[in-house]
Each structure stands twice: as C-alpha cells, then as structure tokens.
Amino acid sequence: MSTRIPFLKGHGTENDFVIVPDPENAVDLPPAAVAALCDRRAGIGGDGLLHVVRSAAHPEAKGMAAEAEWFMDYRNGDGSIAEMCGNGVRVFARYLQRAGHVSEGDLAVATRGGVKTVHIAKDGDVTVGMGKAVLPEGDVTVSVGERSWPARNVNMGNPHAVAFVDDLSHAGDLLSPPPFSPAAAYPDGVNVEFVVDRGPGHVALRVHERGAGETRSCGTGACAVAVATARRDGADPTATGTPATYTVDVPGGTLVITERPDGEIEMTGPAVIVAEGEIDANWLDTATRA
C-alpha cells in the first residue's frame, strides 16, 4: 500500500463525510480504520465515510455496474456499514463532478439501497431520487427520559422512526440511541427523528442517526419525515394524485423533499467539498491496530 492515501472532506447541510477515492477498490477499510478516520479529535472527523469505488470493482455492486459506474460504499462514523445516506449521495456526486468523472446533469449512483438517480443543477444544488418509502405496519414508540411518543415506521432503504413532538428540546441530548419498542420493529437499530411544525408544508427535525449519534442533517431522515408528515396531514400523494412538497429544516440547513404520485421521492439540497489532502497510511495502520 502507498504510504499516502488521498482523501477529501465534504458536507451536505453539515452532515459531513471523509471521502476516500478508490476506483479499483484497493484500499482496505476495516471498521476500525473508518472509525479512526471519522474520529473528530484523533482523525479527520466526519459523521461517516464515502468510499468511492467503481461498481465493477466491488463485490457488492457488480450487479449494478451496467446501470451505475460508481458505487457509494458508505460507512457510518463507527465503522459499521449502512444501506444508504441521502446527504452522502449528494456529496458523492459533487466529488465525482469535482474529479471530472461527471458533469452537470443526470447520473446514476449505486448504493446498498439500490441505484439512485442524481441531478446536478447549474445553481449548485443536487437532487437525488431517493426511491419509494415503505411503511411497515405496527405501532412503534420512542422514548426520551420519562417522555414517550408514538412514531411512524418509515423505511427509506434504511429504517426510521418519526415522532412528532411539541418542542425539539424534548429529544434530549441524543448522545445515546433513544429507546424504542417493540424491539422486533428494528432488529438492526433505527434512525430516530423528532419533528416539530414550522408552518404549512414546513417542519424542522433533530435526528439520532444509527451508528453516528446526533448529526446536523440526515437526508433519508428528512425524506422519512416528509412522508410521515404527509400521511399525518392527509396529503398522501399516492392517494390524492398530487405531489406533496415539504421544506425540512435540519440543524445544518434546509432540504426540500417532494413525494410524487407514483411514490418516488426527490430530495434537493446543497453539497460542498471543503478540503482535500492525504492520509498517512502508517498512521492509519497504527490507529486500526490500536
């Protein structure tokens, strides 16, 4: 392995990522290495890591290579593997544009949650086709301290529990995963969104992301919140035939989510590359073995 590994740092509404370009899937990134890189004091720092690999070079993505040249091998900040990350897809697309692999317009990105369609606009915003939401049946409850709320179970390729609260402070510090029940609803853990209304078609959230803690933004979470809010408001586009659009404020900015009558969901927001450099492979090897 080279003693230097290229990396970049980027964010989407302050959901930040370490980006490791590795077209041929030659860089070994075990969970401990990812956790070390995402450490905000001893590493580069990030909510997660975007491993940029050609689909044909990754065993999990070879089957999608005909549809999408690039695979977003996404990892949570603790090193665990995640199915999808909406903000991550936007930043992933911005990296591909910066590197000259793609230009403005449409492209496809392979993820563990399937192939996602992406549009890079001239104004800089990036729109991601997030697919359709799945709404599993059954009641779910989330808790913080002595408070509990019913939550809507929404799956956006990864699991979410959406709870409407009177005040975002009721979510507590979100350092630990909020307890939920029944346990069988989310056997692999869950992302929990706490939501308040800001006005017609306008909500705000705080989120505890599975494997990362509270983050400044969660793209799939914003989509799950828009879907849950539309159902609460009686504005299910698949039933009304009219698109439902919600402005979703996250701590790191604002996302616009539209659910179409065919159930497809689009998310639009910014994506920024802030720095690039090199990782010392010797440090990474030492940190991985520590």
Side-chain angles (χ1 to χ4, degrees), residues 12 15 47-48 60-61 64 72-76 80-90 109-118 127-143 149-164 171 174 177-195 203 205-215 217-233 235-239 243-246 248 250 255 257-267 269:
N15 196 184
D47 293 322
E60 292 183 71
M64 296 179 276
M72 184 181 76
D73 175 15
Y74 180 68
R75 317 292 183 87
N76 293 314
S80 60
I81 289 173
E83 300 91 338
M84 241 296 283
C85 175
N87 288 316
V89 174
R90 296 202 319 279
V109 175
T111 77
R112 290 185 178 87
V115 175
K116 304 302 178 184
T117 57
V118 180
T127 298
V128 180
M130 300 291 286
K132 299 180 180 181
V134 175
L135 301 171
E137 296 183 357
D139 296 330
V140 176
T141 300
V142 298
S143 303
W149 302 268
R152 189 68 187 249
N153 189 346
V154 183
N155 194 292
M156 287 297 309
N158 57 0
H160 296 268
V162 180
F164 293 92
L174 291 181
F180 61 87
S181 64
Y186 304 108
D188 298 315
V190 64
N191 305 287
V192 182
E193 287 79 29
F194 297 88
V195 186
V203 295
L205 68 80
R206 287 178 63 200
V207 57
H208 181 281
E209 283 198 65
R210 180 182 55 169
E214 181 173 15
T215 60
S217 180
C218 177
T220 55
C223 293
V225 164
V227 169
T229 306
R231 301 310 184 272
R232 183 203 63 176
D233 294 346
D236 178 356
T238 63
T245 297
Y246 285 87
V248 181
V250 297
L255 298 166
I257 313 298
T258 297
E259 184 181 8
R260 305 197 311 242
D262 63 1
E264 292 290 333
I265 298 168
E266 296 179 338
M267 174 185 65

key: From CA spacing to verdict: side chain to side chain contact (heavy atoms under 4.5 Å, CB included), Val118, Val89   = CA-CA 8 Å; Val118 180; Val89 174; 3.7 Å; yes
task = I would like to know whether Lys116 and Met72 meet side chain to side chain contact (heavy atoms under 4.5 Å, CB included); could you show each step before the answer?
result = CA-CA 10 Å; Lys116 304 302 178 184; Met72 184 181 76; over 6 Å; no
key: CA sep, side-chain torsions, deciding dist, call: Met156, Met84, side chain to side chain contact (heavy atoms under 4.5 Å, CB included)   = CA-CA 8 Å; Met156 287 297 309; Met84 241 296 283; over 6 Å; no
key: Residue pair Val192, Phe180: steps toward the side chain to side chain contact (heavy atoms under 4.5 Å, CB included) verdict   = CA-CA 9 Å; Val192 182; Phe180 61 87; 5.6 Å; no
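Rounding to the nearest 0.5 Å gives a distance of 11.0 Å between CD of Glu193 and NE2 of His208. Taking OG1 of Thr258 as the start and CE of Met130 as the end, the distance is 12.5 Å to the nearest 0.5 Å. Atom-to-atom distance recorded for Glu209:CD and Asp47:CG is 6.5 Å, nearest 0.5 angstrom. Separating the CG atom in Asn158 from the SG atom in Cys85 is a distance of 8.5 Å, to the nearest 0.5 Å. Note: Cys218 SG to Leu205 CG = 8.0 Å, rounded to the nearest 0.5 Å. Between atom CZ of residue Arg152 and atom OG1 of residue Thr229 there is a gap of 10.5 Å, rounded to the nearest 0.5 Å.
Shown here for Gly114 and Met64, the closest heavy-atom pair between the two residues is C-SD, 4.1 Å. Across all their heavy atoms, Pro159 and Gly189 have their closest contact at CG-O, 3.4 Å. Heavy-atom minimum distance, Cys223 versus Met267: SG-CB, 4.0 Å. In terms of heavy-atom proximity, Tyr74 sits nearest to Gly48 at OH-CA, 3.6 Å. Counting all heavy atoms, side chain and backbone alike, Val128 lies closest to Gly86 at CG2-O, 4.5 Å. Residues Trp149 and Phe164 share a closest heavy-atom pair of CD1-O, 3.7 Å.
Residues passing the salt bridge (charged side-chain N to carboxylate O under 4.0 Å, His left out) test with Glu259 are Arg231, sequence neighbours excluded. Partners of Glu83 according to the salt bridge (charged side-chain N to carboxylate O under 4.0 Å, His left out) rule, which considers only residues two or more places apart in sequence or in another chain, are Arg210. Under the side chain to side chain contact (heavy atoms under 4.5 Å, CB included) criterion, Pro261 pairs with Pro243, not counting sequence neighbours. With sequence neighbours excluded, no residue satisfies ring-ring contact (aromatic ring centres under 6.0 Å, His included) with Tyr246.
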I'd like a table of donor-acceptor pairs (distance under 3.5 Å, sequence neighbours excluded) in which one partner is a side-chain atom from residues 181-188, with atom names and distances.
unit_1: Tyr186; atom_1: OH; unit_2: Asn153; atom_2: OD1; d: 3.2
unit_1: Tyr186; atom_1: OH; unit_2: His160; atom_2: O; d: 3.0

Which atom pairs, donor and acceptor, lie under 3.5 Å between side-chain atoms of residues 132-143 and protein residues at least two apart or in another chain?
unit_1: Lys132; atom_1: NZ; unit_2: Asp262; atom_2: O; d: 3.2
unit_1: Ser143; atom_1: OG; unit_2: Ser148; atom_2: OG; d: 2.8

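Judged purely by distance below 3.5 Å, without hydrogens or angles, the side chains of Ser217 and Asn87 pair a donor atom with an acceptor atom.
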